[in-house]
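Below: one structure, written as structure tokens.
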Amino acid sequence: VARPGGQEAFAEALQASQDENEELRGVAASLEHKLRSQMEEAHRANEWGLELERRLVDTEDLLRASQTHLGEAQSRGDFLERNLASLKKELDTLRAAGMGDGGDA
């Protein structure tokens, strides 16, 4: 036995349910868009992080190479200082022997 107005109440409930579903679809679409944007931003941040990591490795390599060159230059400098000291001693020895006084003897 159908109640009077029962079909109308059902139609109203169905319309309300459809309206709510449509609203939920809109919310879901908005959330999906926000999620995609955040994922793209995370991807860009990850790419930037990888680029920074590559730059750090390059910088570390340059630093190591610079330290190697610096070490080599310091070794050469030490060698030259030793040679200079040796030459000064030899000159002092010659001067003491009277051979390096400019020929005034």
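Note that the coordinates shown come from a computational prediction; the quantities given were computed from them, not determined experimentally.
With a 4.5 Å cut-off between side-chain heavy atoms of Ile, Leu, Val, Met, Phe, Trp and Tyr, the cluster of Leu52 takes in Trp48.
Between Arg64 and Asp61, some side-chain heavy-atom pair lies under the 4.5 Å cut-off. Between Arg55 and Glu51, some side-chain heavy-atom pair lies under the 4.5 Å cut-off. A 4.5 Å side-chain heavy-atom check between His33 and Arg36 finds every atom pair outside the cut-off. Residues Leu35 and Leu31 have side chains not in contact (no heavy-atom distance under 4.5 Å, counting atoms from C-beta outward).
Each of Arg44, Met39, His43 was checked for a side-chain contact (heavy atoms from CB on, under 4.5 Å) with Glu41, and the lone residue meeting it is Arg44.
Pairs engaging residues 75-89 under the side chain to side chain donor-acceptor pair (under 3.5 Å) rule: none recorded [sequence neighbours left out].
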Quiz item: Could you go step by step and tell me if Arg95 and Asp92 meet the side chain to side chain contact (heavy atoms under 4.5 Å, CB included) rule?
Solution: CA-CA 5 Å; Arg95 281 186 179 150; Asp92 289 343; 4.3 Å; yes

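One distance of note links OG of Ser17 with CD of Glu12; it measures 13.5 Å at 0.5 Å rounding. In this structure, OG1 in Thr68 is found 9.5 Å from CG in Leu63, a value given to the nearest 0.5 Å.
Within a 6.0 Å radius of CD in Glu60, more than 12 heavy atoms belonging to other residues, nucleotides or ligands are found. The local environment of CD in Glu20 is sparse, with at most 12 non-hydrogen atoms from other residues, nucleotides or ligands closer than 6.0 Å. Annotation for Glu72: atom CD counts as buried by contact number, over 12 foreign heavy atoms lying within 6.0 Å.
The two residues Glu47 and Arg54 make their nearest non-hydrogen contact at O-NH2, 4.5 Å.
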